[in-house]
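One structure below.
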Amino acid sequence: LFTLFTLAAAGFLGYYLFQLTDIEIQGNESFSNEQILAYVDVEMGQNIFTIDLDAIRRELGTIPYIEVLEVKRVYPSKLLIRLRERTLKLAVKYGDTFVLTDEAGTAVEMAPSAQGLIELRGVTVEAAAIGSRIQGLDDYDVYLIDTILATFEESVIGEELSYIDISIPTMITMGVKNGLKIRIGDVDNMEQKLAWIDTLYPRLVEEGKRFGTLDASSKYGASYIPD
């Protein structure tokens with residue numbers, strides 16, 4: 001009798017101990033908790049062992065602007081959801097339209113124009129599915145893009161970039177909105193190239209240079225080459 005009572009008490013306590021009382025969402029900035037929870041099929045008071053974590057991942061994965069990093073139970077009574085919001089960085093030509101992607105080449109939207117984003121050139125898009133990396137972009141391409149964006153994000157040309165052309169990985173060129181081209185070659189010695197560009201580019205702008213190439217691909221320094 002005592003054993004039965006003990007088991008019943010343990011079951012009673014366990015039932016109430018593991019009831020869902022809190023849902024913690026991390027990483028959402030543009031999306032409110034309420035918008036995220038609209039995709040989460042759980043109820044407060046539900047036993048956390050009955051929560052289908054895979055189903056939550058799938059449902060949240062249908063939001064193009066969100067990458068699901070983690071969904072897990074935090075005992076005794078919490079559900080934790082960690083996200084990363086995707087930020088539009090690039091536009092890649094795809095037939096008569098553009099695929100708008102994050103820095104990793106994940107397709108987020110389709111649009112009739114580049115929408116003011118940096119156009120990525122030198123990549124042939126074979127297929128594009130929202131929420132997945134565009135087909136035609138490989139790991140090395142992503143490495144090149146990530147390196148370039150990270151290097152020039154805080155540069156004097158950071159807000160001025162109009163396109164990045166990775167057609168030839170050892171002769172990468174970029175365009176800025178005033179019409180100048182910038183040649184960086186490969187992605188070696190990027191800190192030095194950044195310093196050269198940040199020094200020479202403002203001078204060229206001050207001189208009214210709207211055509212030609214700022215060449216920072218040499219190991220000896222940057223120079224201006226008129227068209």
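Sequence positions, counted from 1, serve as the residue numbers for this chain.
Considering CD1 of I118 and CZ of F152, their distance stands at 11.0 Å, rounded to 0.5 Å. Note that CD of E159 is 8.5 Å distant from CD of E154, once rounded to the nearest 0.5 Å. Of the inter-residue distances, the one linking F18 atom CZ with S77 atom OG reads 9.0 Å to the nearest 0.5 angstrom. With rounding to the nearest 0.5 angstrom, the CG atom of N28 is 5.0 Å from the CG atom of N33. Note that CG of D146 and CD1 of I148 are 9.5 Å apart. Values are rounded to the nearest 0.5 Å. The distance from the OH atom of Y94 to the CD atom of E126 is 9.5 Å, given to the nearest 0.5 Å.
Taking the side chain to side chain contact (heavy atoms under 4.5 Å, CB included) definition, one finds that D141 meets it with L137, D138, I166, sequence neighbours left out. In terms of the side chain to side chain contact (heavy atoms under 4.5 Å, CB included) criterion, residue partners of S217 (sequence neighbours excluded) are, by chain and number, R183, D215. With sequence neighbours left out, the side chain to side chain contact (heavy atoms under 4.5 Å, CB included) criterion links R82 to Q26, L69, E70, L80. Legend: residues meeting side-chain hydrogen bond (donor to acceptor under 3.5 Å, both in side chains) with E85, ordered by chain and number and at least two apart, are S30.
Applying the 6.0 Å contact sphere to NZ of K72 captures no more than 12 heavy atoms from other residues, nucleotides or ligands. Heavy atoms of other residues, nucleotides or ligands lying less than 6.0 angstrom from CZ of R57 number more than 12. Remark: D41 CG is loosely packed, at most 12 non-hydrogen atoms of other residues, nucleotides or ligands lying under 6.0 Å away. The neighbour count for E191 CD, taken as heavy atoms of other residues, nucleotides or ligands under 6.0 Å away, does not exceed 12.
Criterion: ILVMFWY side-chain heavy atoms under 4.5 Å apart, direct or through other members. Under it, I145 and L117 are not part of a common hydrophobic cluster. Two different hydrophobic clusters hold M110 and I63 under the rule that ILVMFWY side chains link at heavy-atom gaps under 4.5 Å. Note on V176 and Y163: separate hydrophobic clusters, where clusters join Ile, Leu, Val, Met, Phe, Trp and Tyr whose side-chain heavy atoms are under 4.5 Å apart, directly or indirectly. Neither V205 nor W196 shares a network with the other; the hydrophobic side chains, linked directly or stepwise wherever heavy atoms of I, L, V, M, F, W or Y lie under 4.5 Å apart, form separate groups for each.
Checked by atom type and distance alone, the side chain of Q46 pairs as donor or acceptor with a backbone atom of E43 at under 3.5 Å. The backbone N or O of D186 lies less than 3.5 Å from a partner atom in the side chain of K193, making a donor-acceptor pair. Using modelled atom types, no side-chain atom of E59 and backbone atom of I56 make a donor-acceptor pair closer than 3.5 Å.
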task = Begin with the C-alpha distance, continue with both residues' side-chain angles, and end with the deciding distance and a verdict on salt bridge (Lys or Arg N to Asp or Glu O under 4.0 Å) for R133 and D139.
result = CA-CA 10 Å; R133 181 194 291 182; D139 290 342; 2.8 Å; yes

message = Run the side-chain contact (heavy atoms from CB on, under 4.5 Å) test on I172 and I164 for me, step by step, so that the C-alpha distance in whole Å, both residues' side-chain angles and the decisive distance to 0.1 Å come before the verdict.
response = CA-CA 7 Å; I172 296 168; I164 299 171; 4.3 Å; yes

query = Given the rule in the side-chain contact (heavy atoms from CB on, under 4.5 Å) test, do V74 and E24 qualify, once you have shown the distances and angles that lead to the verdict?
reply = CA-CA 10 Å; V74 179; E24 181 179 352; over 6 Å; no

key: CA sep, side-chain torsions, deciding dist, call: V108, T101, side-chain contact (heavy atoms from CB on, under 4.5 Å)   = CA-CA 5 Å; V108 178; T101 80; 5.7 Å; no

ask   = Yes or no on side-chain contact (heavy atoms from CB on, under 4.5 Å) for L88 and L100, after CA distance, side-chain angles and deciding distance?
value = CA-CA 6 Å; L88 292 178; L100 309 186; 3.8 Å; yes

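Cluster partners of I168, by chain and number: M171. The rule joins Ile, Leu, Val, Met, Phe, Trp and Tyr whenever side-chain heavy atoms lie under 4.5 Å apart.
Between the side chains of S155 and D198, at least one donor-acceptor pair of N or O atoms lies under 3.5 Å.
The closest side-chain heavy-atom distance from I184 to I197 is below 4.5 Å. Taking 4.5 Å as the limit, some side-chain heavy atom of P169 sits within range of a side-chain heavy atom of L144. Using a 4.5 Å heavy-atom cutoff, the side chains of T173 and I182 are not in contact. No side-chain heavy atom of L180 sits less than 4.5 Å from a side-chain heavy atom of L214. By the 4.5 Å heavy-atom criterion applied to side chains, D102 and T87 are not counted as neighbours. Considering only heavy atoms from C-beta on, F31 stays 4.5 Å or farther from I25 through its side chain. Side chains of E67 and R86 form a contact here, defined as non-hydrogen atoms less than 4.5 Å apart. V99 is not listed as a side-chain neighbour of I130, based on a closest heavy-atom distance of 4.5 Å or more.
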With a cut-off of 3.5 Å and sequence neighbours excluded, list every side-chain donor-acceptor pair involving residues 218-227.
| unit_1 | atom_1 | unit_2 | atom_2 | d |
| --- | --- | --- | --- | --- |
| S218 | OG | Y220 | N | 3.0 |
| Y224 | OH | F211 | O | 2.6 |
| D227 | OD2 | G212 | N | 3.2 |

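Between V92 and V123, the closest heavy-atom pair is CG1-O, 4.4 Å. Scanning both residues, Q35 and S32, for their nearest heavy atoms gives OE1-N, 2.8 Å. In terms of heavy atoms, P202 sits closest to T199 at CD-O, 3.6 Å. Looking at every heavy atom in both residues, T151 comes nearest to L194 through O-CD2, 3.6 Å. The shortest heavy-atom contact between R73 and L53 is NH1-CD1, 3.6 Å. Contact between I134 and A107 at its shortest, heavy atoms only, is CG2-CB, 4.0 Å.
Ion pair E119/K93 not flagged as a salt bridge, since none of the NZ, NE, NH1 or NH2 atoms sits closer than 4.0 Å to an Asp/Glu carboxylate oxygen. A salt bridge is absent between K181 and D165: the closest approach of a Lys/Arg side-chain nitrogen to an acidic carboxylate oxygen does not fall below 4.0 angstrom. Using a 4.0 Å cut-off between a side-chain N of Lys or Arg and a carboxylate O of Asp or Glu, E103 and R84 qualify as a salt bridge.
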